[in-house]
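A short worksheet on the structure shown next.
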Amino acid sequence: MQALCDDGTHELVILEFVKRELIKLEKYHSSLKAGGTINDALKTAGIFSKNNDRFIKSASLFNMNKIAELFKELYKTELLLKSGNTGKNLKNPMTDLILEIVKN
């Protein structure tokens with residue numbers, strides 16, 4: 001994500017990308033919680049077979065509580081960007097979001 005910011009990709013485009021990934025993770029975990037198999041969960045999340053291993057690895061890093069926290073941070077970041085306000089770290093709300101994503 002930092003590389004996208006550094007390359008000049010608009011922050012709101014990056015936020016949309018992050019949002020889509022969070023939705024996929026949420027669908028995956030919800031499907032598993034409902035009793036679905038891993039294959040069912042991958043299908044529900046819209047993950048294609050060539051990306052299964054990468055997605056499963058990512059999904060193991062983000063539980064539903066973390067996903068909910070990230071949705072909140074995503075929303076805050078979007079509001080800050082649209083209003084022209086700055087974040088806590090380095091005066092860039094995207095940095096705050098990145099820190100939240102990588103935080104354990």
Side-chain angles (χ1 to χ4, degrees):
M1 187 163 58
Q2 187 63 49
L4 291 172
C5 288
D6 293 343
D7 287 343
T9 304
H10 194 280
E11 290 95 345
L12 294 176
V13 173
I14 297 169
L15 290 182
E16 187 60 33
F17 170 74
V18 172
K19 179 181 169 185
R20 283 194 317 257
E21 292 302 308
L22 288 174
I23 290 169
K24 289 177 186 179
L25 288 167
E26 185 178 48
K27 287 179 178 182
Y28 174 82
H29 284 296
S30 293
S31 180
L32 289 177
K33 187 175 181 178
T37 66
I38 290 177
N39 286 335
D40 292 337
L42 289 167
K43 185 176 180 180
T44 299
I47 304 303
F48 300 104
S49 60
K50 70 177 186 170
N51 297 323
N52 285 356
D53 293 335
R54 183 184 61 81
F55 183 83
I56 291 169
K57 184 177 178 182
S58 293
S60 70
L61 300 173
F62 299 95
N63 62 32
M64 289 297 276
N65 290 334
K66 179 68 173 179
I67 293 167
E69 289 175 25
L70 291 175
F71 269 120
K72 289 177 191 174
E73 190 67 30
L74 183 81
Y75 178 70
K76 285 186 343 187
T77 302
E78 184 176 10
L79 287 176
L80 288 170
L81 289 171
K82 287 180 176 179
S83 69
N85 289 325
T86 58
K88 297 178 277 191
N89 298 299
L90 305 175
K91 305 281 186 211
N92 185 343
M94 290 299 290
T95 304
D96 295 336
L97 178 61
I98 292 167
L99 292 173
E100 188 65 32
I101 290 171
V102 299
K103 183 174 82 173
N104 290 329

In plain terms, say whether E69 and K72 are close enough for a salt bridge, that is, a side-chain N and a carboxylate O under 4.0 Å apart.
-> no

Taking side chain as C-beta onward, heavy atoms only, is E100 less than 4.5 Å from K66?
-> yes

Listed partners of D40 passing side-chain hydrogen bond (donor to acceptor under 3.5 Å, both in side chains), at least two apart = T37

Work out which heavy atom in E78 is nearest to a heavy atom in L15; give both atom names and the distance.
-> CA-CD1, 3.6 Å

Any side-chain hydrogen bond (donor to acceptor under 3.5 Å, both in side chains) pairs touching residues 41-56, not counting sequence neighbours?
-> none

Rounded to the nearest 0.5 Å, the CD1 atom of I101 sits from the CG atom of L97 at a distance of 4.0 Å

Can you measure from CD1 (I98) to CD1 (I14) and round to the nearest 0.5 angstrom?
-> 7.5 Å

Test side chain to side chain contact (heavy atoms under 4.5 Å, CB included) applied to V18 and L74, T77, L70, the passing residue = L74

Per-pair distances, 0.1 Å, donor-acceptor, side chain in residues 20-31, under 3.5 Å, sequence neighbours excluded:
unit_1: H29; atom_1: NE2; unit_2: A59; atom_2: O; d: 3.0
unit_1: H29; atom_1: NE2; unit_2: F62; atom_2: O; d: 2.6
unit_1: S30; atom_1: OG; unit_2: E26; atom_2: O; d: 2.9

